[in-house]
Amino acid sequence: MSWVVPSLWLIPVLPAVAAGVIALAPRRCRRFASGAAIGSMGVSLVLSLVAFMHTVGLVSRGAESRQVFNFTWFQFGDKVLPLGWVLDPLSAVMLVMVCFVGLLIFIYSLGYMAHDDNFTRFFCFLALFAGAMLGVVIANSLLLLFICWELVGLTSYLLIGFWFHRPTAAAAARKAFITTRVGDMAFLIGMVWLYAGTGTLLFYDAGKGCLETTAIHSLVMRATGVGMAASTGISLLIFLGAVGKSGQLPLHVWLPDAMEGPTPVSALIHAATMVAAGVFLVARVYPLMAVTAPEAAPPAIQAPAVAVAGQTERAGESHGATSQSHEGQHGGAPVSTALKVVTWTGVLTALFAASIAVAQTDIKRILAYSTVSQLGFMMMGLGAGGVAVGMFHLITHAFFKALLFMGAGSVIHGCHEEQDIRRMGGLKAFMPVTYMTYAVGMMALSGVPLLFSGFWSKDEILHAVQAWPVSSLPFVLGLAAALLTAFYMTRQMAYVFFGPCRLKHSASHGTHSKRAESTPHESPRVMTVPLIILAVFAVLLGFFGTPVWPWFQSFLEGRAARIDAGRLFTVGTLGLIGLSTLVVFGGIYAGWRLYGRRPPRKAEAADPLEAIYPEGYAVLRNKYYIDELYDLSVVRVTHWCGRMSDWLDQTLWAGAVRLVSFGFVALSWLSRLFDEYVVNAGFDQGCRKLITGGSGFSRLQTGRVRHYLGMLALGFVVLVLVMLWRWRP
């Protein structure tokens with residue numbers, strides 16, 4: 001085994017150690033804090049690139065592409081609890097993406113947070129967040145993954161509520177933490193169930209891991225009380241954890257409110273780290289989710305060759321972390337219940353969130369709902385097409401969504417903290433670099449054909465759901481979500497960058513009252529250079545997953561990619577490209593027709609869509625009233641349960657405790673009375689009698705002989721009289 005795998009732990013530990021050191025530094029050490037955080041991420045990126053190239057070399061040589069390093073964490077009795085980390089194409093790609101995008105966000109934060117009083121603390125939280133996410137990526141144990149998963153949840157709470165002096169930020173942090181705990185509780189139950197069923201939480205362990213053939217077949221053969229296989233129950237519980245972390249229906253409500261944190265936090269959470277963790281978790285445990293029956297188990301669950309502590313053993317022939325292409329997946333093989341749930345959850349979330357984004361006016365909140373929608377696309381791709389399909393969109397989305405969030409931060413910075421798109425307008429003249437890079441991100445997200453990465457990754461998902469044997473409805477709903485994506489992004493571009501500048505009409509809205517202070521300005525280079533880099537990757541990454549050269553898909557499947565131009569010109573591929581192109585340009589045309597041709601001149605002007613359909617627009621603007629529904633149901637029931645618990649505690653249980661205490665006080669008084677007037681009185685009276693009797697007898701002891709002789713004579717007389725009385729002649 002190469003030195004790379006045993007040293008893999010350094011990648012997450014370096015940012016975590018940097019966070020610990022920064023936490024001990026005084027607040028004034030701003031340069032030290034930013035340098036330690038950025039430096040640690042830079043070194044982690046270098047190590048990630050080394051690990052990535054090592055994995056690429058294994059794949060190109062046709063060698064086993066997965067290597068693991070396991071060790072004993074601690075032992076209790078004869079039970080051993082091992083942990084470990086894994087390097088395979090899935091983790092290698094994720095490591096590079098998280099480190100690279102995270103590093104750019106760290107650099108961008110230098111400019112965005114330059115004037116914040118808690119600059120040092122911010123970089124401490126950022127570094128810990130990145131270290132936790134990198135720990136999730138390399139974990140070869142579900143327990144280690146869960147530990148890092150919870151650290152991600154903790155640091156997201158700290159970052160979302162970073163400006164804790166704002167009540168909305170503090171509430172958003174609590175909402176995110178509590179909502180994701182719902183999914184995490186299900187995740188924990190599934191993890192315990194998996195350990196009970198397999199005796200291990202290691203993913204891969206020379207054929208004995210919980211994602212390898214023996215363990216999965218044993219779970220399939222074990223039925224639950226409701227008739228489903230144990231593997232299905234465990235998969236659904238783990239998927240609930242992913243639903244919470246990745247903001248899927250119905251646990252999506254925390255994610256838009258997370259915009260209350262600083263914009264670099266939004267970029268980090270919504271692009272490269274936290275929300276991607278749920279999708280990555282489904283991809284990691286995909287062998288467990290994909291299995292249906294022992295005889296119908298797809299090739300994806302066969303255990304691969306595993307390198308443990310320097311020794312490689314062959315436990316199967318196929319690569320277990322990824323699926324085969326979606327064409328092969330749907331070649332007559334049944335679809336598991338877990339993957340059906342994943343697919344339907346993804347498609348409903350994609351359409352639901354995209355429709356809400358149409359009516360939002362906060363620039364970051366639009367992108368937040370866009371993230372929820374795109375995460376739905378990823379889940380759809382995982383469920384219908386396999387790991388390679390879903391993960392390709394995750395990687396491309398990480399770059400162009402980070403670009404969009406950081407571009408939004410640049411807009412907010414240039415507009416003096418204004419976030420309402422109705423109060424912007426005409427910014428392309430004031431912020432040309434931000435405009436050009438944001439336009440690239442918008443086109444990548446919308447899926448503009450051929451040139452932009454979002455087109456290829458989104459079309460791969462649509463191609464997968466088109467061939468899904470269960471139902472054709474996800475394909476139709478996916479096209480509708482793609483249409484809405486192009487529409488709301490065009491709407492946002494028209495409001496923000498075109499038309500007249502409306503900041504002067506909202507001078508009294510923000511903290512700046514002077515017109516001069518409301519003039520937009522371009523952001524500094526420390527913020528715009530990362531935007532340019534991300535824009536380049538938002539274009540280039542798509543060419544690594546085209547039908548002509550599907551390098552990314554082949555790499556995740558552990559095989560060399562081959563160039564085949566003929567695949568692009570098949571009837572199915574060309575037809576889908578044509579249909580997708582019509583959908584995208586239809587959405588862009590509709591958005592430009594409503595918002596671009598006649599942009600509003602004042603911030604108070606009504607939204608054109610609202611003028612057409614006010615009732616429907618109100619429903620979308622209020623997010624289908626899901627938050628209100630939760631307030632009326634879950635929140636109100638929780639509050640009622642809390643009040644009931646308080647009443648029970650104050651009245652019933654406290655009354656019972658007081659009653660018991662009164663009983664014991666009464667018993668103590670009875671004990672005292674018995675002690676005082678029975679025990680003590682009897683004892684004292686007996687003592688007094690003994691003293692009196694002793695005093696009487698003491699008088700007989702005079703010490704004079706004549707007294708003793710007199711008493712003896714008296715006794716003799718009494719004895720004679722008694723004998724005479726009792727004697728009968």
Enquirer: Strictly distance-based, threshold 3.5 Å: is any side-chain N or O of S446 a donor or acceptor partner for the main-chain N or O of M443?
Expert: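 Not a single qualifying donor-acceptor pair exists.
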
Enquirer: Under 6.0 Å between ring centres, would you say that holds for F125 and F129?
Expert: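 So the answer is no for these two rings.
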
Enquirer: Are any non-hydrogen side-chain atoms of I532 and T437 less than 4.5 angstrom apart?
Expert: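 They are in side-chain contact.
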
Enquirer: Out of curiosity, L128 CG to F123 CZ, how far, rounded to the nearest 0.5 Å?
Expert: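 Between L128 CG and F123 CZ, I get 14.5 Å after rounding to 0.5 Å.
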
Enquirer: Does a side-chain N-to-carboxylate-O contact under 4.0 Å join D607 and R621?
Expert: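 Salt bridge flag = no for R621 with D607.
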
Enquirer: Using modelled atom types and a 3.5 Å cut-off, is there a donor and acceptor pairing between side-chain atoms of K364 and backbone atoms of M259?
Expert: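 Flag set: sc K364 to bb M259 pair under 3.5 Å.
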
Enquirer: Output, in order, the C-alpha distance, side-chain angles, deciding distance and verdict of side chain to side chain contact (heavy atoms under 4.5 Å, CB included) for V275 and F280.
Expert: CA-CA 9 Å; V275 296; F280 174 81; over 6 Å; no

Enquirer: Enter the distance from E418:CD to R502:CZ here, rounded to the nearest 0.5 Å.
Expert: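 These two atoms lie 10.5 Å from each other.
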
Enquirer: Ring pair (Phe, Tyr, Trp, His ring centres under 6.0 Å), that's the test. Do F452 and F400 meet it? Break it down for me.
Expert: CA-CA 10 Å; F452 298 95; F400 62 70; 9.7 Å; no

Enquirer: Looking only at heavy atoms, which two atoms of A402 and V101 are closest? And how far apart?
Expert: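 Heavy atoms of A402 and V101 come nearest at CB-CG1, 3.7 Å.
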
Enquirer: Side chain to side chain contact (heavy atoms under 4.5 Å, CB included) for L375 and H252? Distances and angles first, verdict last.
Expert: CA-CA 11 Å; L375 289 167; H252 68 285; over 6 Å; no

Enquirer: For the residue pair R593 and Y589, confirm or rule out a side-chain donor-acceptor distance under 3.5 Å.
Expert: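 Short answer, yes.
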
Enquirer: Looking only at non-hydrogen atoms, find the nearest pair between A277 and K245 and report the distance.
Expert: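 Where A277 meets K245 most closely, the heavy atoms are CB-CG, 4.2 Å.
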
Enquirer: How are the rings of F544 and W549 set relative to one another: parallel (under 30°), tilted (30 to 60°) or perpendicular (over 60°)?
Expert: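 The rings of F544 and W549 sit tilted, inter-plane angle from 30° to 60°.
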
Enquirer: For the residue pair L540 and S453, establish whether any side-chain heavy-atom pair is separated by less than 4.5 Å.
Expert: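 A side-chain contact is absent here, since even the closest heavy-atom pair is not under 4.5 Å.
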
Enquirer: Test your reading of the model: is there a side-chain donor-acceptor pair from Y369 to the backbone of V358, 3.5 Å cut-off?
Expert: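 Side chain of Y369 to backbone of V358: no pair is present.
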
Enquirer: Drop me the distance from M41's CE to F106's CZ, to the nearest 0.5 angstrom.
Expert: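 If we round to the nearest 0.5 Å, M41:CE and F106:CZ are 5.0 Å apart.
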
Enquirer: Given 3.5 Å as the limit, does a donor-acceptor pair link the side chain of N622 with the main chain of Y625, or not?
Expert: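 Such a contact is absent between N622 side chain and Y625 backbone.
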
Enquirer: Measure the shortest side-chain to side-chain distance between L404 and M489 over non-hydrogen atoms and say whether it is less than 4.5 angstrom.
Expert: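 Heavy-atom side-chain distance check passes, below 4.5 Å.
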
Enquirer: Can you give me the closest heavy-atom contact between P262 and F122, atom names plus distance?
Expert: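 That closest heavy-atom pairing would be CG-CE1, 3.9 Å.
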
Enquirer: What do the steps show when you test Y624 against S355 for side chain to side chain donor-acceptor pair (under 3.5 Å), and what is the final call?
Expert: CA-CA 10 Å; Y624 292 99; S355 64; 2.8 Å; yes

Enquirer: I'd like to know if the side chain of T490 reaches the main chain of W592, judged simply by a donor and an acceptor atom lying under 3.5 Å from each other, with no hydrogens or angles considered.
Expert: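 No: the side chain of T490 does not pair with the backbone of W592.
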
Enquirer: Considering all heavy atoms of both residues, which atom of A388 and which atom of F552 are nearest to each other, and what is their separation?
Expert: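 Nearest pair, atom of A388 first, then F552: O-CE2, 3.9 Å.
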
Enquirer: Heavy-atom count check: over 12 atoms from other residues, nucleotides or ligands less than 6.0 Å from F498 CZ?
Expert: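 Count over threshold, so yes.
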
Enquirer: The criterion is ring pair (Phe, Tyr, Trp, His ring centres under 6.0 Å); which residues satisfy it with Y438, sequence neighbours excluded?
Expert: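 F497.
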
Enquirer: Do side-chain atoms of H270 reach the backbone of V265 as a donor and acceptor pair under 3.5 angstrom?
Expert: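 Between the backbone of V265 and the side chain of H270 there is no qualifying donor-acceptor contact (under 3.5 Å).
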
Enquirer: So which atom in A350 and which in S373 form the shortest heavy-atom distance, rounded to 0.1 Å?
Expert: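 Looking at all heavy atoms of both residues, the closest pair is O-OG, 2.7 Å.
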
Enquirer: Between CD1 of I421 and OG1 of T361, what distance do you get to the nearest 0.5 Å?
Expert: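 If I round to the nearest 0.5 Å, the distance is 6.5 Å.
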
Enquirer: Would you mind checking if R422 and D420 are paired as a salt bridge, meaning a charged N to carboxylate O distance below 4.0 Å?
Expert: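 So D420 pairs with R422 through a salt bridge.
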
Enquirer: Are F430 and H521 near enough that their ring centres are under 6.0 Å apart?
Expert: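 No; H521 has its ring centre 6.0 Å or more from that of F430.
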
Enquirer: For the side chain of S370 and the backbone of I366, is there at least one donor-acceptor N/O pair under 3.5 Å apart?
Expert: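 Such a contact is absent between S370 side chain and I366 backbone.
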
Enquirer: Spell out, as yes or no, whether a donor-acceptor pair under 3.5 Å connects the side chain of S580 to the backbone of L576.
Expert: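 Not confirmed, S580 side chain does not pair with L576 backbone.
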
Enquirer: Does a side-chain heavy-atom distance below 4.5 Å link P530 with I105?
Expert: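 No, too far: nothing below the 4.5 Å cut-off.
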
Enquirer: Once you measure the plane-to-plane angle for H413 and Y112, does it fall in the parallel (<30°), tilted (30-60°) or perpendicular (>60°) bin?
Expert: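 Answer is tilted, since the angle falls between 30° and 60°.
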
Enquirer: Should the pair F487 and Y595 be assigned to parallel (<30°), tilted (30 to 60°) or perpendicular (>60°) ring geometry?
Expert: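 Answer is perpendicular, since the angle exceeds 60°.
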
Enquirer: Hey, does P449 have a side-chain heavy atom less than 4.5 Å from the side chain of F585?
Expert: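 SC-SC contact between F585 and P449 confirmed.
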
Enquirer: Counting neighbours of OH on Y613 that are heavy atoms of other residues, nucleotides or ligands and sit closer than 6.0 Å, is the number greater than 12?
Expert: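 Counting other residues, nucleotides and ligands, OH of Y613 stays at 12 neighbours or fewer.
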
Enquirer: Please evaluate residues T371 and H397 with respect to the criterion side chain to side chain contact (heavy atoms under 4.5 Å, CB included), reporting the C-alpha separation (whole Å), side-chain torsions for both, the decisive distance (0.1 Å), and the verdict.
Expert: CA-CA 9 Å; T371 299; H397 175 267; 4.2 Å; yes

Enquirer: Any donor-acceptor pair under 3.5 Å linking the side chain of T273 with the backbone of L268?
Expert: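 Judged by distance alone, yes, a pair lies under 3.5 Å.
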
Enquirer: With no hydrogens and no angle check, just 3.5 Å: does a side-chain donor-acceptor pair link D116 and W163?
Expert: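 Their side chains do contain a donor-acceptor pair, which is all the 3.5 Å distance test asks for.
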
Enquirer: Within the distance-only criterion (no hydrogens, no angle test), does the side chain of W456 pair as donor or acceptor with the backbone N or O of L450 below 3.5 angstrom?
Expert: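 Side chain of W456 to backbone of L450: a pair is present.
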
Enquirer: Using only heavy-atom distances, determine whether the side chains of H393 and Q374 contain a donor-acceptor pair under 3.5 Å.
Expert: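 There is such a pair (donor and acceptor under 3.5 Å, judged by atom type) between the side chains of H393 and Q374.
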
Enquirer: With side chain to side chain contact (heavy atoms under 4.5 Å, CB included) as the test, would you mind laying out the steps for M406 and M527 before giving the verdict?
Expert: CA-CA 8 Å; M406 292 162 68; M527 296 173 64; over 6 Å; no

Enquirer: Over 60° means perpendicular and under 30° means parallel, so tell me whether W468 and W344 are parallel, tilted or perpendicular.
Expert: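 The arrangement is perpendicular - the two ring planes meet at more than 60°.
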
Enquirer: Out of the candidates L255, L159, T155, T180, only one should pair with M274 under the side chain to side chain contact (heavy atoms under 4.5 Å, CB included) rule; please name it.
Expert: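 Only one of L255, L159, T155, T180 forms a side chain to side chain contact (heavy atoms under 4.5 Å, CB included) with M274, namely T180.
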
Enquirer: Are any of the side-chain heavy atoms of L403 and F399 separated by less than 4.5 Å?
Expert: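 Answer no - side chains too far apart.
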
Enquirer: Within a radius of less than 6.0 Å around NE2 of H165, do more than 12 heavy atoms belonging to other residues, nucleotides or ligands occur?
Expert: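 Counting neighbours around NE2 of H165, more than 12 heavy atoms of other residues, nucleotides or ligands fall under 6.0 Å, so yes.
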
Enquirer: Evaluate the side-chain proximity of V584 to V448: yes if any heavy-atom separation is below 4.5 Å, no if none is.
Expert: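 Yes - at least one pair of side-chain heavy atoms lies under 4.5 Å apart.
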
Enquirer: Please determine, by modelled atom types, if Q248 and T345 share a side-chain donor-acceptor pair under 3.5 angstrom.
Expert: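 T345 and Q248 do not have a side-chain donor-acceptor pair below 3.5 Å.
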
Enquirer: Taking all non-hydrogen atoms of both residues into account, name the closest pair between F455 and T581 and its distance.
Expert: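 Heavy atoms of F455 and T581 come nearest at CE1-OG1, 4.5 Å.
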
Enquirer: Think R166 forms a cation-pi with F164, using NZ or CZ under 6.0 Å from the six-ring centre and within 45 degrees of its axis?
Expert: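 Judged by the rule (NZ or CZ under 6.0 Å from the ring centre, within 45° of its axis), R166 is not positioned above F164.
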
Enquirer: Can you tell if the side chain of K428 reaches within under 4.5 Å of the side chain of V496, non-hydrogen atoms only?
Expert: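 No, too far: nothing below the 4.5 Å cut-off.
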
Enquirer: Which distance, rounded to the nearest 0.5 Å, do you find between the CG of D257 and the CD1 of I160?
Expert: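 Reported to 0.5 Å precision, the distance equals 9.0 Å.
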
Enquirer: Is it true that S523 and S410 share a donor-acceptor pair across their side chains at a distance under 3.5 Å?
Expert: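 Side chains of S410 and S523: pair found under 3.5 Å.
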
Enquirer: Between CG of D459 and OG1 of T546, what distance do you get to the nearest 0.5 Å?
Expert: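 Taking CG in D459 and OG1 in T546, the distance rounds to 11.5 Å.
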
Enquirer: Are side-chain N/O atoms of E522 and T434 paired as donor and acceptor at under 3.5 Å?
Expert: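 Result is yes, a qualifying pair exists.
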
